[in-house]
Amino acid sequence: MDSIQPLNRVALELGPFTIYWYGIIIGFGIALGWFLATKETKKLGLQKDIFTDLLLWAIPIAIISARIYYVIFKWDYYSENPGEIIAIWEGGIAIHGALIGAIITAIVFAKKRGVSFWQLADVAAPSIILGQAIGRWGNFMNQEAHGTEVTRSFLENLYLPDFIINQMYIEGAYYHPTFLYESLWNFVGFFILIVLRKFQPKLGELFLSYVVWYSLGRFFVEGLRTDSLMLTDSLRIAQVVSLVLIMGAAFTIWYRRGKGLNNYTYKEDSSHQNKQLKK
């Protein structure tokens, strides 16, 4: 077992600069998501560079809010190690924090640009969950976001390739590859959203379906993890937030349908949607 070595987290060193696989993988997920969203905006007749402009604001704000969220709930550690607060290349960003920052940014951006937030959110939903699916492999490279201890035979019975099994060997023990469970869940969610999109869902409901799907998977996967941010000794923050998001998304769908706020479908002309949403 001592011969098993983890994969190198460093992708490239350029003088004083170190480039980590973690950042490359997350960057690739963002880039692919941007490409898919931009391609979809052309089909819907939205402003050509709207997602490019949005991401210029949303990405840095999301990264900052994700780190702030993580640091707040790990303050006992970071208060004693303040120099590590900005070390996001070591891992330690919370996706819920990133989503909060990105959604707030998108709401403000949509209002400033005079477009429908819900249509932007619908277009972005498949890209977001695809980016999350890819991004979890950054956790894999860092040997983080894993679950409780298991045996090698357990992992072999899952028919996992050796490079995943070996990377789950951490300090003398094997662990649940929870990064993989969540990644696969999100990949499935991506394809579900792409199929749902073809049926012209009501405005906003593609994004809200993403919220429900992602949160459902995150709730169960989080229960296996050993590095959860904790609200109390037994209450995991991500599970609480996931339940709140599921209920909130379901209520929003019910409320918007009841008030007739989603009379337009995903693929209807955005100019008509915007007139309704500005009333």
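- Linking Ile, Leu, Val, Met, Phe, Trp and Tyr whenever their side-chain heavy atoms come within less than 4.5 Å puts Ile30 and Ile104 in one cluster.
- Under the 4.5 Å side-chain criterion, counting only non-hydrogen atoms from C-beta, Ile165 is in contact with Glu156.
- Between Phe187 and Phe191, the distance separating the two ring centers is not shorter than 6.0 angstrom.
- Criterion: ILVMFWY side-chain heavy atoms under 4.5 Å apart, direct or through other members. Under it, Phe35 and Ile134 are part of a common hydrophobic cluster.
- Checking side-chain atoms of Gln167 against main-chain N and O of Phe140 turns up a donor-acceptor pair under 3.5 Å.
- Residues Ile19 and Val10 fail the side-chain proximity criterion, which asks for heavy atoms closer than 4.5 Å.
- Here the side chains of Arg197 and Asp122 are not in contact, with every heavy-atom distance at 4.5 Å or above.
- Side chains of Ser228 and Glu222: a donor-acceptor N/O pair is present below 3.5 angstrom, by distance only.
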Distance-only donor-acceptor hits, side chain of residues 242-255, under 3.5 Å, sequence neighbours excluded:
from   : atom 1 : to     : atom 2 : distance (Å)
Ser242 : OG     : Ala238 : O      : 2.7
Thr252 : OG1    : Gly248 : O      : 2.7

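- For the pair Arg256 and Glu205, the salt-bridge criterion is not met [side-chain N within less than 4.0 Å of a carboxylate O].
- No donor-acceptor pair closer than 3.5 Å links the side chain of Ser215 to the backbone N or O of Val212.
- Here Phe179 and Trp137 bring their ring centres to under 6.0 angstrom of each other.
- Below 30°, between 30° and 60°, or above 60°: for His146 and Tyr175 the angle between ring planes is between 30° and 60°, a tilted geometry.
- Across all their heavy atoms, Ala110 and Ser116 have their closest contact at CB-C, 4.3 Å.
- Side-chain contact between Glu144 and Tyr22 is present, with heavy atoms from C-beta onward closer than 4.5 Å.
- Counted by atom type alone, Trp34 and Ser127 present zero donor-acceptor pairs between their side chains at under 3.5 Å.
- Following chains of ILVMFWY side-chain contacts shorter than 4.5 Å, one can reach Leu7 starting from Leu180, so the two form part of one hydrophobic cluster.
- At distances below 3.5 Å, at least one donor-acceptor pair connects side-chain atoms of Ser65 with backbone N or O atoms of Gly97.
- With salt bridges taken as basic N to acidic carboxylate O contacts below 4.0 Å, one links Arg152 and Asp162.
- Side-chain N or O atoms of Thr178 include one that pairs as donor or acceptor with a backbone N or O of Ala145 at under 3.5 Å.
- Proximity of a side-chain donor or acceptor of Thr105 to a complementary backbone N or O of Ala58 within less than 3.5 Å is not detected.
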| task | Evaluate the side-chain contact (heavy atoms from CB on, under 4.5 Å) criterion for residues Tyr70 and Trp75: first the C-alpha distance (whole Å), next the side-chain angles of each, then the deciding distance (0.1 Å), finally the verdict. | result | CA-CA 8 Å; Tyr70 184 86; Trp75 186 243; over 6 Å; no
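- A donor-acceptor pair is defined here as one N or O able to donate and one able to accept, closer than 3.5 Å; no such pair exists between the side chain of Glu182 and the backbone of Arg218.
- Between Tyr169 and Tyr174, the two ring planes are tilted [angle within 30° to 60°].
- Counting heavy atoms from C-beta outward, Met230 and Phe73 have side chains that stay 4.5 Å or more apart.
- Counting only heavy atoms from C-beta outward, the side chains of Tyr69 and Leu99 never approach each other to under 4.5 Å.
- Less than 6.0 angstrom separates the ring centroid of Trp213 from the ring centroid of Trp185.
- By the 4.5 Å heavy-atom criterion applied to side chains, Leu229 and Arg236 are not counted as neighbours.
- Between Glu40 and Phe51 there is no side-chain heavy-atom pair separated by less than 4.5 Å.
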